[in-house]
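Residue indices begin at 1 and follow the sequence shown.
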Amino acid sequence: MPHGIAFTCGNCLRNFTSIRGRARHQKSAHREFTPAPEEDDENTFQRRSHKLANALPCRTDGTYLPPFAAAPPPPVDGIEAWGPFESRAAFDFAQYHFVQLQTSEKNINTALDLWAASVLPFGATAPWQNAADLYAAIDEIQHGNAPWKTYSIRYTGPLPPGLAPKWMTQEYDLCTRDTRQVLHQQLATSTFRDQIDLVPHRQFNHGGKRVWSNLMSGDWAWRQADLITADPANHGCAFLPVVAGSDKTTVSVATGHQEYHPVYQSPGVLTGTARRAHGNGVLPVAFLPIPKTSKKHRSKPEYQKFCRQMYHASLALIFEPLKAGMTTPEVARCPDGHFRRMVYGLGPYIADYPEQVWLAGIVQNWCPKCEAHPDHLDAPGARLRTQAKTDLLIKCFDPGILWDDYGVRSDVVPFTHDFPRADIHELLSSDLLHQVIKGTFKDHIVSWVNEYLHLVHPEKRALEIIQDIDRRISAVPEFPGLRRFPDGRDFSQWTGDDSKALMKIYLAAVAGYIPSDMVKCLAAFMEFCYLVRRNAISSDDLPKIQDALDRFHQYRQIFIDCGVRVDISLPRQHSLVHYIRFIRLFGSPNGLCSSITESKHIKAVKEPWRRSSRYKALAQMLVTLVRLDKLAAALRDFTVRGMMTGTTSSYTASILAGEQPQVDAAAAAAAALDDENDDDGVVHGPRSLSDIELAPTAQRGYPKNLPGLAQYIHQPSFPLILRQFLHAEVNGPPDPLAPLVPIDECPVFAGRITVHHSAIARFYAPSDLGGAGGMYRERIRSNPHWHGYARHDTVLINVGGPVMGGLLIGRVYLFFSFTFNDNDYQCALISWLIPVGNVPDPDTGMWVVEPERDRGALTLAVVPLDSIARGAHLIGVYGTAALPEDFHFSSSLDAFDNFFLNPYADHHMHEFLHQ
């Protein structure tokens, strides 16, 4: 069935008739858009795998299996059915109270007492008498068992005469678990079957361009495989890099800044999306000791040397279980059930700048990756650091020269020094969160813009402008997944998510109040940020990244010229120059960012601490972590065995009736789509082309006939527009240069119309934390009564043509469906917003659009639903005028003459608009 686009008549419309005409009668008017996937798609990519480190399946003794041999059955641990639980109800009770609600022991006892009372009349009992019995059952779970051990560490150097400082005599506890055992458990997780790549490879897109995505697609993994397979005995084995990360975190400021220093571990063969997702892709493997002393001793060389040496000694001990497997292959089970010979290796290490200084053994303010001087970090010609070069420098120069001229601490030996094929300077990961998002954007650019406003304006005027910028931020229209800032950026405690959300809308908010070069500086930085945050980066993207970085360096000079900065030699900003090299070596930085470890702090540190008694909390936290791991492993096992279908009651009823439990997948999917409060989220399904459909629930209270509906929605031209749409559907699109079809020649529609308040768009968006396959879902709304105001979202509509990538913007006033000539139609009534000019705004780099009008009235059109690609986010072009103090964001799309089309609303939008 062909589809067309119909629109009202008008002279101003003639300029765009030829553009829109090309979109008529296309079966699907979706724009051709296939962003580079993170995982290899054999239909999209050419792949060149390493020929020797090719991960051949083997037996448990290491001998290789014949081709196409089946995987051995999973091990039987002797536990029947739900063991050690009595039933699905018992397991769900434990999962619900211990994991989801984090119920206290007292309240678990109460819940068990209620359970016992409810079944007592039937002669039954609760599965446990009290919480202690429940905890014992959890402890009996065999899956996911990786116990913790504690090692005592103390200073062994010479003591000063008299009373020695406490730090010299105190013992420190290092709590760790067997990293080899944890790695094997992570690798054997069957849910990672489609999210893992055991073979180093090089991938290429349609045009033969190299693409970097996960760690195994980078040059470093390939080079490591070359070194490993130089020994013929290692041919056919798999290279298994271990991604590590560490970061201090504070659990309570009120109780004296209680700090913990967890270390995390992840198999490097996982994809970036699997590592960023919740699950056991990243697990805590240690808590480092944190020595403390008085201010008097804190700056003493002896204390600093001890702290750093203990830090590296602890890390060496943590990863010691993996060391033997870095030279001699070990056999391990993989997610597909096969065993393979593995050679381990220390992979990228995730850390923020202060921790990188400790890891690299360098002086503060120097770069851990190159020898650039702190006073001129971005000067060209700086040589890369290597561990071999550092060792040579230490042999040749005294500590003072090393400190002053090379930024090297001679009293620190990095823990990687004794591990095969490991160079800490190379392995330090680029950190998007602290270097780009929190560092360059929040700590630098946002602060500098405010300083500039105070420099060039009187204090009162500067505060007025800053307050108006905050009002502009709060006035941004709603958009799925976009955080609202009701008070602008006026909050005291910034999180990484705050910075990420503010980045999306800050550029439009400050434009008009700061000089052109300052806007261009921010625009160039945003372009760099969104390019390097993609999950798949092609060789065509690398020059774009370099160009954006060069423009950022060029335009940031404005901050020096206007007196905000004397110079810009900052380690976190300087780190941006190493991103292209990092991408070539390790793939997308998005899968190796400290946001991964910071997000783990909540489940691994903060929540276990809150569940403790606060007294000697770490031991209690470790018990909680073990139990959480065991329950998570049991849940995965029961799910794989098909025992978690349906609800607890439906499953139990099926078992009692002697039936096989089943779940209605279609009903569950429809219920998920119909959740009106769910604007966006992941779609757990296979990757597919983008599509859009109306929400399942039809809205009541609307007239079912066309004239009545037109009057009800205050759009009297709606019947004429719909008739023009149907004429195009029946007869094909008219010649763009021909006169418009008289309305009398258009079909008359007298059927029923059903109104919907939203539509759901699905698209491939792995960089936005998509679900399995990288799919993402957003809800587009057209609701006249959304939380007390009318919400009519804007959408991207593919019409073809050279301007703005063949896209126009439509604002949706009605989603509706109907049947005509036995064909079902899903459509939208929209008003057009068209580009202002043929190129983006030269300062912001964003397209500017304006509502199209005919003699003062908005130009309306009926478009088929499948001509809509996805939602669009518009931000008003504020100019230099201040917003009223009582301005409400719901009025934004009606209040401004021009709008920026925001490419930074999400990563998919940025890729979509830059194809």
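Using a distance-only test at 3.5 Å, with no hydrogens or angles considered, no donor-acceptor pair links the side chain of K606 to the main chain of T249. Between the side chain of R223 and the backbone N or O of L585 there is no donor-acceptor pair closer than 3.5 Å. D541 contributes a side-chain N or O that, together with a main-chain N or O of S538, makes up a donor-acceptor pair within less than 3.5 Å. For R340 (side chain) and A55 (main-chain N/O), a donor-acceptor pair under 3.5 Å exists by modelled atom type. Using modelled atom types, one side-chain atom of Q185 and one backbone atom of N145 make a donor-acceptor pair closer than 3.5 Å. Checked by atom type and distance alone, the side chain of K369 never pairs as donor or acceptor with a backbone atom of S575 at under 3.5 Å. For the pair R341 (side chain) and T328 (backbone), a donor-acceptor distance under 3.5 Å is absent. No donor-acceptor distance shorter than 3.5 angstrom exists from the side chain of Q573 to the backbone of T440, with no hydrogens or angles considered. The backbone N or O of G281 sits less than 3.5 Å from a side-chain atom of S266, completing a donor-acceptor pair. Distance alone, capped at 3.5 Å, is enough to place a donor-acceptor pair between the H201 side chain and the V199 backbone.
T176 places none of its side-chain heavy atoms less than 4.5 Å from the side chain of S314. Using a 4.5 Å heavy-atom threshold, the side chains of T597 and S246 count as separate. Side-chain contact between I141 and R627: absent, with no pair of heavy atoms (C-beta onward) separated by less than 4.5 Å. Under the 4.5 Å side-chain criterion, counting only non-hydrogen atoms from C-beta, L427 is not in contact with D423. Contact check for R636 versus N280: side-chain heavy atoms found under the 4.5 Å cut-off. At least one side-chain heavy atom of S429 sits under 4.5 Å from a side-chain heavy atom of F582. For the pair K500/L433, a side-chain contact is recorded, criterion being any heavy-atom separation below 4.5 Å from C-beta on. At a threshold of 4.5 Å between non-hydrogen side-chain atoms, the residues F415 and E320 do not count as touching.
Using cut-offs of 30° and 60° for the angle between ring planes, the Y311 and W358 rings count as perpendicular. Between H574 and H578, the ring planes lie perpendicular to each other; the angle is over 60°, past the 30° to 60° tilted range. The aromatic rings of W148 and F287 sit tilted relative to each other, their planes meeting at an angle between 30° and 60°.
Contact between R333 and P72 at its shortest, heavy atoms only, is NH1-O, 3.9 Å. The shortest non-hydrogen separation linking L198 to A238 is O-CB, 4.0 Å. Between C175 and L618, the shortest heavy-atom contact is SG-CD2, 3.6 Å. Among all heavy-atom pairs drawn from V182 and V285, the shortest one is CG1-CG1, 4.0 Å. Summarising the geometry of Q387 relative to H425, their closest heavy-atom pair is N-CD2, 3.6 Å, with the distance given to 0.1 Å. Across I583 and I545, no two heavy atoms sit closer than the pair CD1-CD1, 4.0 Å.
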Exercise for the section: Walk me through it: do Y904 and H910 pass the test side-chain contact (heavy atoms from CB on, under 4.5 Å)? Expected result: CA-CA 6 Å; Y904 307 117; H910 183 263; 3.8 Å; yes
Could you go through the side-chain contact (heavy atoms from CB on, under 4.5 Å) check for V211 and I537 one step at a time? CA-CA 6 Å; V211 176; I537 300 171; over 6 Å; no
Verdict with reasoning, F441 to L502, per side-chain contact (heavy atoms from CB on, under 4.5 Å)
CA-CA 10 Å; F441 174 69; L502 185 61; 4.2 Å; yes
Salt bridge (charged side-chain N to carboxylate O under 4.0 Å, His left out) evaluation trace for D173 with K616
CA-CA 12 Å; D173 290 338; K616 294 185 177 180; over 6 Å; no
Exercise. Please walk me through it: do L322 and Q265 pass side-chain contact (heavy atoms from CB on, under 4.5 Å)?
Worked result: CA-CA 12 Å; L322 297 170; Q265 173 182 287; 4.2 Å; yes
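Rounding to the nearest 0.5 Å gives a distance of 7.5 Å between CG of L270 and CD of Q186. Taking CZ of F319 as the reference point, atom OG1 of T179 lies at 6.5 Å (rounded to 0.5 Å). Between the CD1 atom of I196 and the CE atom of M216 there is a distance of 9.0 Å, given to the nearest 0.5 Å. The distance from atom CZ of F339 to atom SG of C334, rounded to the nearest 0.5 Å, is 9.0 Å. Distance check, rounded to the nearest 0.5 Å: OH of Y344 to CE of M326 gives 9.5 Å. Once rounded to the nearest 0.5 Å, the distance linking CD of Q102 with CZ of R610 reads 8.0 Å.
A cation-pi contact links R611 to F98, judged by a cut-off of 6.0 Å to the six-membered ring centre and 45° from its axis. A cation-pi arrangement is present between R533 and Y530 under the rule of less than 6.0 angstrom and at most 45 degrees off the ring axis.
Between F91 and F638, the distance separating the two ring centers is shorter than 6.0 angstrom.
T189 and T191 are not linked by any side-chain donor-acceptor pair at a separation below 3.5 angstrom, with hydrogens and angles left out of the test. Residues S430 and Q435 bring no donor and acceptor atom of their side chains to less than 3.5 Å of each other. Side-chain atoms of H434 and E598 include a donor-acceptor pair closer than 3.5 Å.
For the pair D219 and R210, the salt-bridge criterion is met [side-chain N within less than 4.0 Å of a carboxylate O]. Using a 4.0 Å cut-off between charged side-chain N and carboxylate O, D629 and R177 make a salt bridge. At a threshold of 4.0 Å, the pair K438-D443 does not count as salt-bridged, since none of the basic side-chain nitrogens sits closer than that to a carboxylate oxygen.
Heavy-atom neighbours of I602 CD1 from other residues, nucleotides or ligands within 6.0 Å: at or below the threshold of 12.
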